[in-house]
There are 2 protein chains.
Amino acid sequence: MTPEAQRPPSIRDVAGRAGVAISSASAALNDKPGVSDETRARILSVAKDLGYVPSWRGRSLSAKRAFTVGLVVERDPDVMGDDPFFGAFVGGIEESLGPRGYALAVRVSRDARAAATGYRELAGNRRVDGVFLNELLVDDPRPESMLRWGMPAVGINPGPGEFVFPTVRQDGTKAIVEALRWLARIGHRTIAHVAGPLRYVHAVERLEAFRSVLLDLGLDPSLVTEGDFTYQGGYEAADRLLAVSPRPTAVFCANDLTAVGVMNRALDLGMKVPADLSVIGYDGIAMGGYTRPTLTTIKTSPRALGRQSARLLLDLIEGSLPMDAQASVPEARLVVRSSAGPASTI
Amino acid sequence: MTPEAQRPPSIRDVAGRAGVAISSASAALNDKPGVSDETRARILSVAKDLGYVPSWRGRSLSAKRAFTVGLVVERDPDVMGDDPFFGAFVGGIEESLGPRGYALAVRVSRDARAAATGYRELAGNRRVDGVFLNELLVDDPRPESMLRWGMPAVGINPGPGEFVFPTVRQDGTKAIVEALRWLARIGHRTIAHVAGPLRYVHAVERLEAFRSVLLDLGLDPSLVTEGDFTYQGGYEAADRLLAVSPRPTAVFCANDLTAVGVMNRALDLGMKVPADLSVIGYDGIAMGGYTRPTLTTIKTSPRALGRQSARLLLDLIEGSLPMDAQASVPEARLVVRSSAGPASTI
DNA sequence: TTGAAAGCGATACCAG
DNA sequence: CTGGTATCGCTTTCAA
């Protein structure tokens, strides 16, 4: 890859060819005052002739900024493909990043230890100017450590209460309330929940919402089993739930993948969905519209979440945002499809 | 974000505290010869005390290397989430990148024009040291322009024939042959194909494979309609195919999403799958195992493809790989599930 | 073995 | 308005 590797023109080349000082070239190129119109025009034209593109490395060193933000995803590379959140979230981030000249550095780590290393590298290196804190854990050490490193960050759905960095939230509680109340209204009395791993704040939030609504409705809120946000986890959770008596007639799942797993297990056991078992998911992934029956779910907006959080992060980096800023995207909505409905035996 | 923003220790701080020259510190830190063991030990210990992490910006400028590679994804941010290839591919890339100290910069562009801009920025800027060329088009301009820019690249499944950069391929032809021959063997005589947009080489390759096998089998290879690799595209393609006479009894689709669309349309029309229509997809996405009936498909390995192509790209960047290098990952395999089988009326 | 100094490419300050 | 120069943090000669 070296044959005709002539290095790209630098600002010196431009200045030289235009017969001006480097500083003038810099000012002209950056639309800064202090250069006569005529000189500016000449510099610009030379730059164009040469095909000059400012080196991001030089700029970066000088500006003490990487013009890059980091996203660390803690997930086994093997299941990365099954995660629709990732792509949509990245898509949203890019919408904000691109126009402002920033790039996104992605790091995939298979476990918490590797993820910590990932953050440390990105932050210690100053390879990025800020990071996204996503899928937060209860007592997550990352926010504190980013603060200690002096690394700007934004928290995505950090749960209720204070957070040391700006946050972006999408409330899903109201939609959960609506979904569960609806289930009760159409006759369900035994409603179960397949939670996500309770080390995640979003898993806890959904569980809390479930409990509080059921209590409110005078129903038993204790029919809960912990899944792992995967299809397989849902499939297996279904077996546990369907073994209890009285058997639940409806299940609210912490995410869609789990819900599809539950639904398929029920179907595989010869049950009818929703007649024998109603299933409701959470996320609103496209797949929910492709399964049969189609999945009733609570639809979130990963893309908007990405877009907003990137906006906040850049504002924070550039100093125009207080640390306690809070943003939110429109609440998650209940999307009624066909996996939930009245129980056959009321 | 500025209160106690003391800048992180630089190599000068380390050298100063250790009472040595910067160059000695550099040598010690990089495991280079020219420093006595004793001095080295002292430097290392000071570096540790100070929590020194080499600045990636300085290193980058000096080394004339960004230690970053770029992936440009041409896709509407809205459907990024539906694309399981992206996540898995990125996961694979990271497996090779991380250990070698490189990062991945991702750029999402909604159309070809934006994607071209994306490449130009990454390349012109020298923000990245190399790029992945994925989802190649027939007569794709990107390889040539990367060559012109002197930007290392690798082509992922660039189709048959020469390619100006190293390539990584996963052959799927044999599996397609096997799948179609199997359909014929179990009695299908009218087999259709829902192609991908034919501007993509991989769409053309799959179509060519389809045609050649059907010709070989003495069947009519002309029952082809063009989809767009989406679920909706498949759903609509099904309507077109089911209107022709004689009606096909089996459909091979260019990807899984399309196949699920075709299958669902058939089910929605009250047909039985596979009794009335057999459906075979391509990709092997997890969802194929979640639909009912489960999807028979040809399973590819996006993660392995990512891992291999990143390996090649880094080798190319670091100069240890010829431009005509070719790598491949194990061929795609036919995965028989339940969406395809003997036709009910033979 | 060690240290001094020259880049890398850009920005920013300060004289002229 | 313009040009020179220091600076960012590191690597890499090149002398001592």
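Keep in mind the model is a prediction, meaning the values are calculated, not measured.
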Report summary line: Taken to the nearest whole Å, CD1/B/I43 to C1'/C/dT1 is 11 Å
Query raised in the report: Looking across every strand, which nucleic acid part, if any, lies under 4.0 Å from A/P33 by heavy atom: base, sugar-phosphate, or nothing?
Result: nothing
Report task. Looking only at side-chain atoms of B/K64, point me to the closest of C/dC8, D/dT11, C/dT11. Result -> C/dC8
Query raised in the report: Looking at A/S62, does any N or O in its side chain come under 4.0 Å of the phosphate oxygens OP1/OP2 on C/dG9?
Result: no
Query raised in the report: Closest to the A/R12 side chain: C/dC8, D/dG3, D/dC8?
Result: C/dC8
Query raised in the report: Choosing from C/dG3, C/dA10, D/dT2, which nucleotide comes nearest the side chain of A/S36?
Result: D/dT2
Query raised in the report: Contact class for B/T39 vs. all strands (heavy atom < 4.0 Å): base, sugar-phosphate, or nothing?
Result: sugar-phosphate
Report summary line: With A/I156 as partner, the option from A/N134, A/L133, A/L136 fulfilling side chain to side chain contact (heavy atoms under 4.5 Å, CB included) is A/N134
Report task. Report the distance from atom CD1 of A/I22 to atom P of D/dG3, rounded to the nearest whole Å. Result -> 11 Å
Report task. Return the nearest nucleotide to the side chain of A/K32; candidates are C/dA12, C/dA4, C/dG9. Result -> C/dA12
Query - Electrostatic pair B/D315:B/R311 at N-O distance under 4.0 angstrom - result: yes
Query raised in the report: Which nucleotide, D/dT11, D/dC10, C/dC8, lies nearest any side-chain atom of B/Y52?
Result: D/dC10
Query raised in the report: Quick one: A/D37 CG to D/dC1 P, roughly how many Å, whole number?
Result: 8 Å
Query raised in the report: Could you state the CZ-P distance from A/F67 to C/dG9, rounded to the nearest angstrom?
Result: 17 Å
**Report entry** Separation of D/dC10 C1' from A/R57 CZ (nearest whole Å)
**Finding:** 13 Å
Query raised in the report: What does B/S26 touch in the nucleic acid at a heavy-atom separation under 4.0 angstrom: a base, only the sugar-phosphate, or nothing?
Result: base
Query raised in the report: Mapping B/G58 and B/R42 to their closest nucleotides on DNA chain C, which lands nearer the 5' end?
Result: B/R42
**Report entry** Pi-cation contact, A/F86 with A/R75 (under 6.0 Å, within 45°)
**Finding:** no
Report summary line: Closest to the side chain of B/R59, out of D/dT11, D/dG9, D/dT12, is D/dT11
Report summary line: Here the distance between atom P of D/dC10 and atom CG of A/N125, to the nearest Å, is 10 Å
**Report entry** 4.5 Å side-chain heavy-atom contact, A/T117 and A/S109
**Finding:** no
Query - For atom CD1 of A/I11 and atom P of C/dT11, their distance in whole Å - result: 5 Å
Query - Distance, rounded to the nearest Å, where B/L61 contributes CG and D/dT11 contributes C1' - result: 10 Å
Query raised in the report: Does some side-chain heavy atom of A/P54 sit less than 4.5 Å from a side-chain heavy atom of A/L29?
Result: no
Report summary line: Testing C/dA5, D/dT2, C/dA12 for proximity to the side chain of B/S23, the answer is C/dA5
